[in-house]
Amino acid sequence: MMKKLVALLLSVSMVFALTACGGSDGGSAQGTTGDGEKKITIAYQGGIGYAPIHVMEEKDLIEANYDGEIEVEFVKLDSGAAINEGIIGGTIDIGCMGLGPAISGVAAGVPYKAISNLCSQSHGLMSNDPSIKSLAGIKTEDKIALVNTGSIQHILLAMAAEKNLGDAHALDNNIQAMSHAEGMAALESGTVKLHLTSSPFIYQERENAAYNELPEINEVWPSGNSFLLAMASNKVVEDEKLNAAVLAAFDQAFEFINSDKEGLAEIEVEYLALDHDTVMSYLNEKDCQFFPQLRGADDMASFMYSAGFVTKEVSMDEFKHNNVVVE
């Protein structure tokens, strides 16, 4: 029953997004400006995991690789849902989001494909109650803060619940939707007993000796698996010249990131509004990795279908552009 309810809620949410944007004809924001040059819009969210996008913007990599005149607009939005709405409504060409919401979008018919992974980042489930050492120790009244139902954090919690409690949705009623920052504050104040979050918030919480980390999340989603990725509208994918420029820009962004950590830190200081030492500490975390391959995506897609997060199983051929390697 719970599986059906989760699937229904996700379907209703996607239908609302389609309605709010005026339909699902797969229109694209890409077009021309008044003087005839091509224009595309790229949307992303906050955090160090979007570093490949930050580098592409800072260094004008798409412009440098496009054969012709092009204007590239970068916009920062608050959620994957808002980005999905923009893709559907034709105001966004490339949207960057978590792996789980992207799988949900493809299952619901959002007209896009994965063109590149962005990163792997650390996740963790922290508790301010020393008596809670595992998922089995979470009581009915213990609240778990995470960003929202259907988020990658919710899916990771469900994967851990299925493995350790025998029911993917055993902890759904414990969830309290909060932003990462709100969840961290609620954990500190004691408003919630647990917080499931990602970097950089998890790094800060691990430094607090008053908290203990439950091990099950890292057991089901190990270091190096995909977290964030770039989804391109079908019209971008089908535009051979534009697609080639975007893919070349991603290649160059990853090459820069993985060869010049100090140079990346200088860029991230501006985007994250943090000091250099803090940014470097994040970049030096073993789980902070940047690469184009999809890792673990097929496992998550299969789980989301079996656990009722989506109503159809998404194959990797359906999910990704043919240039993307699945590992």
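Only heavy atoms go into these numbers, but all of them, side chains included; no hydrogens, no water, no symmetry mates. A quick note: this is a predicted structure, and the numbers were derived from the prediction, not measured.
Asp298 places no side-chain N or O within donor-acceptor distance of the main-chain N or O of Ser315, the cut-off being under 3.5 Å. A donor-acceptor pair is defined here as one N or O able to donate and one able to accept, closer than 3.5 Å; no such pair exists between the side chain of Lys39 and the backbone of Glu73. Using modelled atom types, one side-chain atom of Asn212 and one backbone atom of Ile132 make a donor-acceptor pair closer than 3.5 Å. Although no hydrogens or angles enter the test, the distance criterion places a donor-acceptor pair under 3.5 Å between the side chain of Asp142 and the main chain of Lys139. Side-chain atoms of Asp260 do not come within 3.5 Å of backbone N or O of Phe256 as any donor-acceptor pair. Listed for the Lys193 side chain is no donor-acceptor partner under 3.5 Å among the backbone atoms of Gly190.
Heavy-atom neighbours of Lys59 NZ from other residues, nucleotides or ligands within 6.0 Å: at or below the threshold of 12. For Glu238, the CD atom is densely surrounded, since the number of other residues' heavy atoms within 6.0 Å is greater than 12. By the neighbour-count criterion of 12 heavy atoms within 6.0 Å, atom CD of Glu240 is sparsely surrounded, having that number or fewer from other residues, nucleotides or ligands. More than 12 heavy atoms of other residues, nucleotides or ligands shown are found within 6.0 angstrom of CD on Gln293. More than 12 heavy atoms of other residues, nucleotides or ligands lie within 6.0 Å of CD in Gln252, so this atom counts as buried by the packing criterion.
With Ser151 as reference, Leu146 is the one residue of Leu157, Ile175, Leu146, Leu196 to meet the side-chain contact (heavy atoms from CB on, under 4.5 Å) rule. The side chain to side chain donor-acceptor pair (under 3.5 Å) with Ser122 is formed by just one residue from the set Gln289, Glu285, Arg206; it is Arg206. For the side-chain contact (heavy atoms from CB on, under 4.5 Å) criterion with Leu242, the lone passing option out of Asn65, Val236, Asp93, Leu247 is Val236.
To the nearest 0.5 Å, atom CD1 of residue Ile202 and atom CD of residue Glu207 are 10.5 Å apart. Atom CE in Met231 sits 11.5 Å away from atom OG in Ser116 (nearest 0.5 Å). In this structure, OH on Tyr44 lies 12.0 Å from CE on Met56, to the nearest 0.5 angstrom. Once rounded to the nearest 0.5 Å, the distance linking CD1 of Ile87 with CD of Glu85 reads 11.5 Å. Atom CD1 of Ile83 sits about 10.5 Å away from atom OG1 of Thr91, to the nearest 0.5 Å.
The closest side-chain donor-acceptor pair between Lys261 and Asn284 falls under 3.5 angstrom. Donor-acceptor pairing under 3.5 Å is lacking for the side chains of His195 and Asn128.
Leu194 has its side chain out of reach of Asn174: every pair of non-hydrogen atoms, C-beta onward, lies at least 4.5 Å apart.
In this structure, Phe290 has no ring pair (Phe, Tyr, Trp, His ring centres under 6.0 Å) partners at least two apart in sequence or on a different chain. Partners of Tyr271 under the ring pair (Phe, Tyr, Trp, His ring centres under 6.0 Å) rule, at least two apart in sequence or in another chain, are His54. Applying the ring pair (Phe, Tyr, Trp, His ring centres under 6.0 Å) criterion to Phe254, with sequence neighbours excluded, gives no partner residue. In terms of the side-chain contact (heavy atoms from CB on, under 4.5 Å) criterion, residue partners of Lys286 (sequence neighbours excluded) are, by chain and number, Ser223. For Ala158, the side-chain contact (heavy atoms from CB on, under 4.5 Å) test picks out Ala168, Phe303, Phe309, with sequence neighbours left out. Looking at residues two or more places apart in sequence or on another chain, you find a side chain to side chain donor-acceptor pair (under 3.5 Å) between Ser131 and Asp129. Annotation: salt bridge (charged side-chain N to carboxylate O under 4.0 Å, His left out) contacts of Glu219 (sequence neighbours excluded): none. For Ala301, the side-chain contact (heavy atoms from CB on, under 4.5 Å) partners two or more places apart in sequence, or in a different chain, are Ile103, Met316.
Each of Leu274 and Phe201 belongs to its own hydrophobic cluster when Ile, Leu, Val, Met, Phe, Trp and Tyr are linked at side-chain heavy-atom distances under 4.5 angstrom. Residues Val106 and Ile115 fall within the same hydrophobic cluster, defined by Ile, Leu, Val, Met, Phe, Trp and Tyr side chains chained together at heavy-atom separations under 4.5 Å. Hydrophobic clustering (side-chain heavy atoms under 4.5 Å, transitive across Ile, Leu, Val, Met, Phe, Trp, Tyr) groups Leu171 together with Met300. Note on Leu283: it clusters hydrophobically with Ile267, by side-chain heavy-atom contacts below 4.5 Å among ILVMFWY residues. Following chains of ILVMFWY side-chain contacts shorter than 4.5 Å, one can reach Met126 starting from Tyr282, so the two form part of one hydrophobic cluster.
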Side chain to side chain contact (heavy atoms under 4.5 Å, CB included) between Leu61 and Val72, worked out:
CA-CA 10 Å; Leu61 294 182; Val72 184; over 6 Å; no

What do the steps show when you test Asp275 against Thr278 for side-chain hydrogen bond (donor to acceptor under 3.5 Å, both in side chains), and what is the final call?
CA-CA 6 Å; Asp275 64 86; Thr278 299; 2.8 Å; yes

Checking side chain to side chain contact (heavy atoms under 4.5 Å, CB included) for the pair Tyr50/Cys96: CA distance, chi angles, key distance, verdict?
CA-CA 8 Å; Tyr50 295 94; Cys96 303; 3.6 Å; yes

Passes side chain to side chain contact (heavy atoms under 4.5 Å, CB included), Leu99 versus Phe319? Steps please.
CA-CA 11 Å; Leu99 175 59; Phe319 181 68; 4.0 Å; yes

With side chain to side chain contact (heavy atoms under 4.5 Å, CB included) as the test, would you mind laying out the steps for Val324 and Leu229 before giving the verdict?
CA-CA 11 Å; Val324 177; Leu229 63 162; over 6 Å; no

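When all heavy atoms of Leu214 and Leu135 are compared, the closest pair comes out as CD2-N, 3.8 Å. Contact record, Pro101 with Tyr112: O-OH, 4.0 Å, taken as the closest heavy-atom pair. The two residues Ala297 and Leu294 make their nearest non-hydrogen contact at CB-CB, 4.1 Å. For the residue pair Ser120 and Gly224, the shortest heavy atom distance occurs at OG-N, 3.1 Å.
For residues 304-318, the pairs satisfying salt bridge (Lys or Arg N to Asp or Glu O under 4.0 Å) are Lys312-Glu318, with sequence neighbours left out. The list of ring-ring contact (aromatic ring centres under 6.0 Å, His included) pairs with a residue in residues 64-109, not counting sequence neighbours, is empty. Counting only residues at least two apart or on different chains, the ring-ring contact (aromatic ring centres under 6.0 Å, His included) pairs with a member in residues 213-242 are His123-Phe227.
One finds no salt bridge joining Lys163 and Glu216 here, because no Lys/Arg side-chain nitrogen approaches an Asp/Glu carboxylate oxygen to under 4.0 Å.
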Show me the side-chain donor-acceptor pairs of residues 176-187 shorter than 3.5 Å, one per line, residues at least two apart or across chains.
from	atom 1	to	atom 2	distance (Å)
Ser179	OG	Glu182	N	3.1
Ser179	OG	Glu182	OE1	3.3
His180	ND1	Thr197	OG1	2.8
Glu182	OE1	Ser179	N	3.0

